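Report on the following structure.
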Amino acid sequence: MSSIQRYHVGPRLSEIVVHNNTVYLAGQIAENLEADAKSQTVEVLGFIDKLLGEIGSDKQKILSVTIYLADMADYDAMNIAWSEWVPAGHTPCRATVEARLADPRYKVEMSVIAAL
């Protein structure tokens, strides 16, 4: 039986869960809620880098990303930041959907699955 490791455990969620050498990140959002979509995306990607680094993984090992946008009008702005961040030759599977996020000031949220 494989063990499950949980990191940054809270009452409703864990920020990171590792099982069978697979890393699952909770949905990441920006802290600067006054920022535009590109800036929020840059901030979210920084959080993803930090969390993956904490457990010995990195963005080159990302398998899949689900991106939630509050408004698909922000798709191009988000993609500018994404394209500057994602490593060439290591692009993961990805889905982008429009969704009502928990706070109307959130413009982007990302959920990540990566290899350890």
Side-chain angles (χ1 to χ4, degrees):
M1 178 178 273
S2 301
S3 66
I4 298 173
Q5 295 89 37
R6 299 175 197 281
Y7 302 84
H8 306 287
V9 178
R12 290 180 300 205
L13 61 91
S14 296
E15 285 291 326
I16 307 168
V17 175
V18 179
H19 179 256
N20 286 339
N21 292 318
T22 303
V23 179
Y24 303 86
L25 298 185
Q28 297 301 304
I29 52 163
E31 290 179 354
N32 181 357
L33 302 184
E34 304 309 316
D36 63 14
K38 181 182 178 200
S39 296
Q40 283 196 17
T41 300
V42 168
E43 189 176 357
V44 167
L45 295 172
F47 291 149
I48 291 168
D49 281 332
K50 179 182 174 290
L51 291 170
L52 289 175
E54 283 183 28
I55 46 90
S57 189
D58 62 58
K59 63 185 171 184
Q60 291 186 352
K61 296 178 182 175
I62 294 176
L63 305 171
S64 179
V65 177
T66 303
I67 301 171
Y68 304 94
L69 293 175
D71 187 338
M72 286 304 282
D74 290 329
Y75 184 78
D76 291 338
M78 177 276 298
N79 267 327
I80 290 169
W82 173 268
S83 294
E84 292 171 356
W85 176 81
V86 71
H90 296 279
T91 52
C93 295
R94 191 182 102 168
T96 305
V97 298
E98 184 175 80
R100 187 178 331 178
L101 302 179
D103 184 310
R105 298 172 296 169
Y106 296 152
K107 299 193 181 307
V108 62
E109 181 173 348
M110 293 187 190
S111 180
V112 172
I113 300 171
L116 190 55

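Everything numeric in this text was worked out from a predicted model, so none of it was measured.
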Query raised in the report: Are the side chain of Thr66 and the backbone of Ala95 linked by a donor-acceptor contact shorter than 3.5 Å?
Result: no
Report task. Using a 4.5 Å cut-off on heavy atoms from C-beta on, say whether the side chain of Ile48 contacts that of Lys59. Result -> no
Query raised in the report: Is the side chain of Glu15 donor-acceptor paired with the backbone N or O of Leu13 at a distance under 3.5 Å, no angle test?
Result: no
Requested in this report: Compare every heavy atom of Ala70 with every heavy atom of Glu98, then report the nearest pair and how far apart it is.
Outcome: CG-O, 3.7 Å
Requested in this report: Taking the side chain as every heavy atom from C-beta outward, state whether Leu51 and His8 have any atom pair closer than 4.5 Å.
Outcome: yes
Query raised in the report: Stepwise, does the salt bridge (Lys or Arg N to Asp or Glu O under 4.0 Å) test hold for Lys38 with Asp36?
Result: CA-CA 6 Å; Lys38 181 182 178 200; Asp36 63 14; over 6 Å; no
Report task. Kindly write out the residues that satisfy side-chain contact (heavy atoms from CB on, under 4.5 Å) with Ala35, not counting sequence neighbours, or none if the list is empty. Result -> Asn32, Ser39, Gln40
**Report entry** Sub-4.5 Å side-chain heavy-atom contact between Ile62 and Leu52
**Finding:** yes
Query raised in the report: What about Val112 and Ile55, same hydrophobic cluster or not, with Ile/Leu/Val/Met/Phe/Trp/Tyr joined at side-chain heavy-atom distances under 4.5 Å?
Result: yes
Requested in this report: Decide whether Val44 and Val86 are clustered together by the hydrophobic rule: side chain heavy atoms of Ile, Leu, Val, Met, Phe, Trp, Tyr closer than 4.5 Å, transitively.
Outcome: yes
Query raised in the report: Partners of Glu109 by side-chain hydrogen bond (donor to acceptor under 3.5 Å, both in side chains), sequence neighbours excluded?
Result: none
Report task. Could you pull out the closest heavy-atom pair between Ser64 and Pro92, with the gap in Å? Result -> N-CB, 4.0 Å
**Report entry** side-chain contact (heavy atoms from CB on, under 4.5 Å) partner of Met110, the single match among Leu69, Leu25, Ile29, Leu45
**Finding:** Leu45
Report summary line: Heavy atoms of Val97 and Met72 approach each other most closely as C-SD, 4.1 Å
Requested in this report: Kindly compute the distance separating CD1 (Ile80) from OG1 (Thr41), expressed to the nearest 0.5 Å.
Outcome: 10.0 Å
Query raised in the report: What closest approach, in Å, do Leu116 and Lys61 show between heavy atoms, and which atom pair accounts for it?
Result: O-NZ, 3.4 Å
Query raised in the report: Is Glu43 reaching over with its side chain to a backbone N or O of Glu31, donor-acceptor style, under 3.5 angstrom?
Result: yes
Query raised in the report: Does anything in residues 59-92 pair up under ring-ring contact (aromatic ring centres under 6.0 Å, His included), and if so which pairs, sequence neighbours excluded?
Result: Trp82-Trp85
Requested in this report: Compare all side-chain heavy atoms of Ser14 with those of Val9 and state whether any distance is below 4.5 angstrom.
Outcome: yes
Report task. Please check if the side chain of Asn20 supplies one atom and the backbone of Thr22 the other of a donor-acceptor pair under 3.5 Å. Result -> no
